[in-house]
Amino acid sequence: MPNSAGKRFKPTKYIPVSTAATLLVGSTTLFFVFTCPWLSKVISAAVPLYNGLVFIFVLANFSMATFMDPGVYPRADEDEDKDDDFRAPLYKNVEIKGIQVRMKWCATCHFYRPPRCSHCSVCDNCVEDFDHHCPWVNNCIGRRNYRYFFLFLLSLTIHMVGVFSFGLIFVLHHRERLGALHTTVTLVVMCIAGLFFIPVMGLTGFHMVLVARGRTTNEQVTGKFRGGVNPFTKGCCGNVKYVLCSPLAPRYIVDPRKKPSVKIQPPFIRPDLSDRQVTVKVSDNGIHSTITSSKSKKRLDAPDDNETQPPLPPKADRYNQLKSQLTSSEESSLSGKTHPSTPAMYKFRPSFGTMPKVHYHVTGEKIVMPDECKTSAILEEGVRSHDYKSEPNLDLPEYTNAPLHRTFQSSPFQLDSDTINSRTLSLKQGQRRPEKGQLPALQLQTVISTPYKSIFSPNTLSNRNGSLSYDSLLNPSLSPVTASECMSHRGMPSMGFHSPYLPTKMCHIRESEMQRHQVAPTYSPVIPSRGMGRHSPHPRDRDPSPVRYDNLSQTIMASIQERKEIEEREKRMRHGRSQTHIYVQDSGLFDGGYNPPPNACYPDGPRGPGSRGPTPPACGGSRDNLMGVGVVTYGQRTPVLRHAGSTLGRVPRTSSTSLHTDHSSTNSSHSKTTAPEGSYRSPAHQTHSPAMPRSPSYSHQKLSYMSAHERTDSPHLGGPREVMKVNGQMDCHPSAQGTTISPSRHSNVKKVTGVGGTTYEISV
Amino acid sequence: METELQAVGLVGRGASLSHQVFIQRDYSDGTSCRFQVHFPSELEGRVERSLFEDTVKTLNDYYAEAEQVGGGSYLEGGVACATAYLIFLCMETRYEKVLRKVAAYIQEQNQKVYAPRGLLISDPVQRGMRVIEISIYDDHGSTDSSSGSSSVSGSTARSPPVS
C-alpha cells in the first residue's frame with residue numbers, strides 16, 4: 001500500500017512546520033528590512049552579508065530536512081515474505097560486531113527491519129537509521145536527511161545568535177527611540193530569537209552529543225545502549241565524519257523506467273549437470289547398476305544402497321531435472337525417488353551445491369558413463385561432497401561407500417575404463433574450479449587412473465595404510481598432494497586429503513571406478529559376486545520405504561546403519577574383505593577429521609540464519625538454537641518467540657494494521673520493556689528461551705529435522721548436519737581403529753560431540 | 001507466451017518462475033551495505049558457486065566504494081553546502097553513480113551468467129538494499145503461471161514450486 005494511499009489530508013500535522021517556517025522566514029525578513037540597513041551603515045556591509053549567508057544555509061538545510069526522503073524502505077513484495085507469514089518469529093537476531101542486535105518484523109512493511117531501522121507511525125514507513133519524526137519539519141529524520149537536520153539545527157542556532165546579537169546592538173544604539181518602528185520590530189525579532197533559542201540550543205546540544213556517540217534519537221530515548229555497547233559507533237571522529245561527510249544515500253525507489261530486459265529462454269545451462277553428468281554402466285552378469293551423477297543435495301542415494309534400507313528417495317527437483325537430461329535409464333528405486341533428506345542421507349549430502357548427483361543404485365543396475373563429463377561428474381560428486389572446507393559435511397562413509405560399492409561391484413565393467421580415466425582426468429582438469437571441492441575431484445580422477453588392485457587385496461587395510469597417507473586425512477591442506485598420492489594408490493579412499501567425508505564418497509567412486517576396471521580378470525571374481533549378493537535384493541525387492549528417515553531417531557538410524565554394515569561386511573567377507581575395509585577405515589579416519597569442521601562452521605551459524613527472513617530468531621546467538629533451527633523453523637515460530645511487550649507473533653498481511661502500533665512511539669515502550677537488559681543482547685535471551693528447553697531433547701530429533709530442512713538453512717546448519725553425519729560415521733569408527741570388519745564394531749559406543757556441545761552416543 | 005517481468009527479464013517460452021531466493025544483508029560489520037556471500041542451497045545445481053560468489057562480492061565492493069567516506073565524499077558535501085544543495089538538481093551523487101554501475105553490472109551478469117542458467121538477479125536497490133532477490137526459473141514449459149508483473153521486483157505470479 002502506498003505510503004499516503006487512503007490517508008486523508010490532515011491539516012493539523014502541518015501546523016508545526018508552518019509555524020516554524022513562518023517564524024523563521026518572517027523574523028529574518030524583518031531583521032533584514034529593519035535592522036540590517038543601519039548595521040551595514042554603522043558597522044559594516046559584511047553584517048548583512050554574513051547574516052544572509054547564514055540564513056540561506058538555514059533555509060537550505062531546512063528545506064532538505066523537510067522535503068528529502070529520509071530513507072524510506074519500500075514495502076516488501078509478497079514473494080519476499082511468503083515463507084514468513086504465520087510462521088516466522090517476531091524477532092530475528094543478528095550479530096553486529098559481536099553484539100546481538102534484534103531485528104523486528106514489521107507487519108506493515110513485511111520485512112524484518114534492518115538494524116537501526118524503525119517504523120514511523122506518522123509517515124507509515126520504515127525508515128533507515130530512524131532518528132525521530134520531527135513535527136517542525138513534518139518529516140522523519142533518517143539516514144538520508146539526518147545531516148541536513150543536524151546542520152539545520154546548527155545553522156539555526158548560529159543564525160539566532162547572530163540575529164539576537166545584532167538586534168541587541170541596534171537596540172542599544174536606539175535606546176532613546178524604543179518606540180520607533182525599526183526599534184520595535186527589532187525588539188520583537190529579538191524576543192522571538194531569544195524565546196526559541198533555549199529549546200533550539202538544547203536540541204542542538206543534544207544532537208551534538210548523539211553525533212559524537214554515534215547514536216540516534218530513537219536509540220537514546222529508548223535506552224538501547226544503556227549499560228551496553230553501541231555496535232554502530234565508529235569512534236567520536238568517525239561518527240562526526242560519517243554524519244557530515246558520508247555520501248548521500250540513495251532513494252530506495254523502483255525505477256519505473258524500463259530497463260533493457262534479459263531474455264530467459266530455456267534450455268538452461270546446468271553447469272554441473274551438463275558438464276558432469278555421468279552415468280556409469282556396470283554390467284555384472286546381467287545385473288546392471290546405473291549411476292547417474294548429477295548435482296544435487298544428494299546424499300539421499302547413498303544410504304539407500306545399504307541392503308537393509310529401502311532405496312533412498314532421490315532429491316526432488318534436481319534429480320528429476322537431471323534425470324531428464326541423462327541418457328541412462330536407471331531408475332532404480334534409489335534414483336527414482338526424490339526426497340529432501342533424511343538423517344542417513346544427510347550424511348552423504350555433499351557440501352557443495354555444485355556437486356553432481358550420483359544416484360547410487362543397488363546391484364543389478366546399470367551404471368552408464370556416457371562420456372567423460374559424466375565420469376568426472378561422478379567423481380566430482382564424491383569429491384565435492386567431502387569438501388569440508390567450504391561446508392563441513394559429514395558423510396557416512398559406510399553409506400556412501402556401500403551403495404557405490406554395491407552398484408559397481410556387481411557387474412563387470414563394460415566401459416572402457418582407460419578411456420574413461422583419461423577423459424576424466426582431462427575433463428576434471430578443465431572443470432577444476434577454485435572450490436575446494438574440486439580437489440577431491442581431481443583426486444578422484446587420479447584415483448581412477450591408478451590400478452585398483454590394491455584396493456581389493458585382502459590386505460586392503462594395510463594397503464590403505466600404505467597408500468592412503470593418514471597425513472592426508474589430518475592435513476586437508478595437503479589435499480592436492482594427497483590426491484596424487486591417492487591416485488597412485490587408487491584404491492585408497494581419498495579420505496582426509498580433502499575432508500573427512502571425501503573418503504567416503506571417494507570410496508564409492510573409486511569403487512565404481514575400480515569395478516569399471518574389473519574387466520581385468522584379477523578383480524572379477526570378487527567384485528561381481530559381491531555385488532550380486534549384496535545389491536540384488538535391495539533396489540528391486542524393496543519398494544520405496546514409507547519410513548522417512550528424517551523422522552527416525554538417531555538410534556534407529558544408527559541401528560539401521562549397523563545392520564547394513566553387517567550385511568555388507570558379511571557379504572564382502574565372503575567374497576573379499578578388501579572393500580569393506582575401505583569403508584570402515586575411511587569412516588574411522590574421518591572421525592578425527594571432521595570434528596573440527598563442525599565446530600569451525602559454528603560461528604557463522606548464528607549470524608547466518610539470524611539474518612534471514614524465515615529463520616527463527618533462535619539462531620541469533622545460541623548454539624542450542626542452531627540445533628533447534630530445523631524444528632523451530634517449521635512449526636513453532638509464531639507462538640514461540642515473542643517480544644516482551646508484544647503479544648503477537650508475526651501478523652499476516654491481512655491484519656497488518658493491527659501492528660501499526662509497533663511504530664516509533666510504541667517501539668520505545670517495547671524497547672523500554674527490554675531496557676533493563678541494557679543492551680541489544682536482550683532479545684536473544686527472550687527469543688531463545690523457548691527454544692532452549694527443547695534443545696537437549698532434540699539431540700536426535702534435531703538431526704532428522706535438520707536434514708529435512710537443510711535446504712533452508714544449509715550453509716549455517718553445517719554443524720548440525722555434520723553431527724548427524726558424525727553419528728552415522730561413528731558406526732564405522734570403532735572398526736576403523738584396526739579391528740576387522742566383523743560385527744565387533746557393533747559393540748562399540750562412540751561419543752561424538754556435536755554442535756552446541758551436545759554429545760551423541762552412537763552405539764556401534 | 002512471453003512474460004514481461006519487471007522489465008528485467010523476458011521469460012521465454014517454456015520457462016516459468018519457480019521460486020525466489022533472497023540473499024540477505026550481512027550486518028556483521030555494522031550497517032554498511034554488504035550482502036552475505038554464502039551460497040544458497042536452492043542454487044545448487046543451477047549456477048556455479050564461484051560465479052555466484054563473485055557476483056555478490058563484486059556487488060559488495062561496489063557498495064563499499066559508494067559508501068566510502070573519503071576525499072570524494074568530502075568534496076561532494078562541501079560543494080553541496082556551498083551551492084545550498086542546488087548542485088543536487090544538476091548532478092547525481094557519488095552513490096547514484098555507483099548504483100548506475102551496479103545496475104549495469106547486474107544487467108551484464110544476468111545476460112551472461114544467470115539468464116542462461118534460468119536465473120535472474122534483481123537490483124537490491126529496488127528492495128531497499130535489504131536483499132538480493134534471485135528468481136529461479138524452471139524450464140518445464142509450464143504456461144499456467146500468469147504473466148506480467150507490476151510489482152516492485154520479481155514476479156508475484158508464479159507456478160507452484162516443484163516439490
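Atoms considered below: every heavy atom in the structure, side chains included; atoms not considered: hydrogens, waters and symmetry mates.
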Any residue meeting salt bridge (charged side-chain N to carboxylate O under 4.0 Å, His left out) with A/Asp129, in chain and number order, not counting sequence neighbours: none
Test log, rule side chain to side chain contact (heavy atoms under 4.5 Å, CB included), inputs B/Tyr27 and A/Met103: CA-CA 11 Å; B/Tyr27 292 111; A/Met103 303 197 327; 3.8 Å; yes
Can you pull the side chain to side chain donor-acceptor pair (under 3.5 Å) pairs that have at least one residue in residues 76-90 of chain B, sequence neighbours excluded? A/Asn61-B/Tyr85
Chain A contact via B/Ala80 - side chain, backbone, both or neither, heavy atoms under 4.5 Å: neither
Counting only non-hydrogen atoms closer than 4.5 Å, does B/Val98 touch chain A with its backbone (N, CA, C, O), its side chain (CB onward), both, or neither? neither
So CG of A/Leu248 and CD of B/Glu92: to nearest 0.5 Å the spacing works out to 11.5 Å
Less than 4.5 Å apart, any side-chain heavy atom of B/Arg25 and any of A/Pro114? no
With the side chain counted from C-beta on, respond yes when A/Phe232 and B/Thr31 share a heavy-atom pair under 4.5 Å apart, and no when they do not. yes
Given the options B/Val131, B/Leu119, B/Leu86, which has more heavy-atom pairs under 4.5 Å with chain A than any of the others? B/Val131
Heavy-atom pairs under 4.5 Å with chain A, option from B/Gln68, B/Glu67, B/Glu96 with the top count: B/Glu67
Locate the shortest heavy-atom distance separating B/Cys81 from A/Leu151; write the atom from each residue and the value. SG-CD1, 4.3 Å
At a heavy-atom separation under 4.5 Å, does A/Arg251 approach chain B through its side chain, its backbone, both, or neither? backbone
Closest non-hydrogen contact found for B/Val69 with A/Cys245 is CG1-O, 4.1 Å
To the nearest 0.5 Å, what is the distance between OH (A/Tyr112) and CZ (B/Arg130)? 12.5 Å
Dump the intermediate steps for side chain to side chain contact (heavy atoms under 4.5 Å, CB included) on A/Lys241 and B/Tyr74, then the final yes or no. CA-CA 9 Å; A/Lys241 271 199 316 183; B/Tyr74 290 145; 2.7 Å; yes
With heavy-atom distances below 4.5 Å as the criterion, would you say the side chains of B/Ser73 and A/Ser246 are in contact? no
In this structure, are over 12 heavy atoms from other groups packed under 6.0 Å from A/Lys97 atom NZ? yes
So which part of A/Leu53 gets closer than 4.5 Å to some heavy atom of chain B, the side chain, the backbone, both or neither? neither
In this structure, OG of B/Ser28 is separated from CD1 of A/Ile99 (nearest 0.5 Å) by 13.0 Å
Name the region of B/Phe88, side chain, backbone, both or neither, that has any atom closer than 4.5 Å to a heavy atom of chain A. side chain
Specify the closest pair of heavy atoms between A/Pro247 and B/Tyr95, including all atoms of both residues, with the distance to one decimal. CB-CD1, 4.5 Å
Honestly, is B/Arg127 close enough over A/Tyr252, meaning NZ or CZ under 6.0 Å from the six-membered ring centre and within 45° of the axis? no
